[in-house]
Number of protein chains: 2
Amino acid sequence: MKSNQKQTRIDGIDKKILRYLMEDARTPILEIARNIGISGAAIHQRLRKLEKSGLLSGSKFILNPKVLGYTTTAYIGIFLDKAMSNPYAVQQLKKIPEVLECHYTTGNWSILIKVLCRDNEHLMQLLNKKIQQIEGVSRTETFISLDQSINRQIQI
Amino acid sequence: MKSNQKQTRIDGIDKKILRYLMEDARTPILEIARNIGISGAAIHQRLRKLEKSGLLSGSKFILNPKVLGYTTTAYIGIFLDKAMSNPYAVQQLKKIPEVLECHYTTGNWSILIKVLCRDNEHLMQLLNKKIQQIEGVSRTETFISLDQSINRQIQI
DNA sequence: ACTGAAATTTGGGATGC
DNA sequence: GCATCCCAAATTTCAGT
């Protein structure tokens, strides 16, 4: 899990390989090999190097939550009573499956979380019955995502 | 790209398969087959069904931006002059590679974006030279993520 | 660092229960 | 909906340049 080497250098071939795999993690290595004109073994070597550098941190299947009936994404800014409450609050938030992200942030709030709910009713229940009940949570501000128009990774 | 079937039902075996692939999209299907005790062909059938339902929306390699020297993640709430400016603003934001997400939101702001920068200096330049320059952008509020303690997908 | 080839494993279809 | 069988294709290693 090291990540502070001097800063990995990647060349144009690495970029091409990564672009294929960032698009579809199951693209066959031999298919990439044919497309960019080097051998499968060479790509293999490069991928092992990239993995060792820590740049490749894995691959994931992406699910579309809408198909399971989860249609409401929201960001919630949370004010905590005192800094001391932070680790406890995060620990409690981890137990709530609807919470997908949690950031300590500068600015108004102590933390900013992203949640995924079935609908607005579910979101309201989540706020009242779970988030607001956490000890140390004093106030929240909710921003429902009506539409996500950009969703991508770092561009290489 | 259909996603509004009646609402896909998935059973325990589907969940096991998905959990393996959400963790590592390149897990061999035959390995999953051995672990959960059914044949590779059966998993194949189920994956085709899940893909057809729209629940599986693809797979991605995940890069660790820190290794490339990108260490500052921030959320920026943007106030736009009038609703009319929205599509234009989003179009301009798409052209900025540092912008990874863009949400139309309820609440204070018109839109909320997530950006990835090398450092605070880079973030400041991005705000002053690019975001604030977009026509229609009247004011912004920035929240730097000091630490992301939760990062996951919908739990199945 | 890349190639080419060998050994092994996997993918994905056909067929039958 | 699942298992077995089967072959084409992909993965992965390794000696050679």
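Atoms considered below: every heavy atom in the structure, side chains included; atoms not considered: hydrogens, waters and symmetry mates. Sequence lines set the chain letters: A, B, ... in the order given, protein chains first and strands last, and positions in each chain run from 1.
Rounded to whole Å, atom P of C:dA7 lies 18 Å from atom NE2 of A:H44. If you measure from atom CD1 of B:I17 to atom P of C:dG11, you get 13 Å, rounded to the nearest angstrom. Per the geometry, NZ belonging to B:K49 stands 12 Å off C1' belonging to D:dC2, to the nearest Å. Distance CG (B:L47) to C1' (C:dG13): 15 Å, rounded to an integer number of Å. Between the C1' atom of D:dA9 and the CD1 atom of A:I43 lies a distance of 15 Å, rounded to the nearest Å. Summarising the geometry, the separation between CD on A:E31 and P on D:dA10 is reported as 8 Å, rounded to the nearest angstrom. If you take CG of B:L21 and C1' of C:dT10, they are 14 Å apart, rounded to a whole angstrom. Atoms CZ (B:R26) and C1' (D:dA9) sit 13 Å apart, rounded to a whole Å.
At the heavy-atom level, A:R48 lies nowhere under 4.0 Å from the strands shown.
Annotation: A:Q155, atom CD; neighbour count of heavy atoms from other residues, nucleotides and ligands within 6.0 Å is above 12. Sparse packing is recorded around CZ of B:R48, with 12 or fewer heavy atoms of other residues, nucleotides or ligands lying under 6.0 Å away.
Sequence order on DNA chain D of the closest nucleotides to A:L30 and B:I13 puts B:I13 first from the 5' end.
Within the 4.5 Å cutoff, side-chain heavy atoms of B:C102 are placed close to those of B:I113. For the pair B:H103/A:I144, no side-chain contact is recorded, criterion being any heavy-atom separation below 4.5 Å from C-beta on.
Atom CD1 in A:I10 sits 5.0 Å away from atom CD1 in A:I156 (nearest 0.5 Å).
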Polar atom pairs between nucleotides 3-6 of chain C and protein, under 3.5 Å, N or O only, would you list them?
unit_1: C:dT3; atom_1: OP2; unit_2: A:S39; atom_2: N; d: 2.6
unit_1: C:dT3; atom_1: OP2; unit_2: A:S39; atom_2: OG; d: 2.9

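Under the 30°/60° scheme for interplanar angles, the aromatic rings of B:W109 and A:F143 are found to lie parallel.
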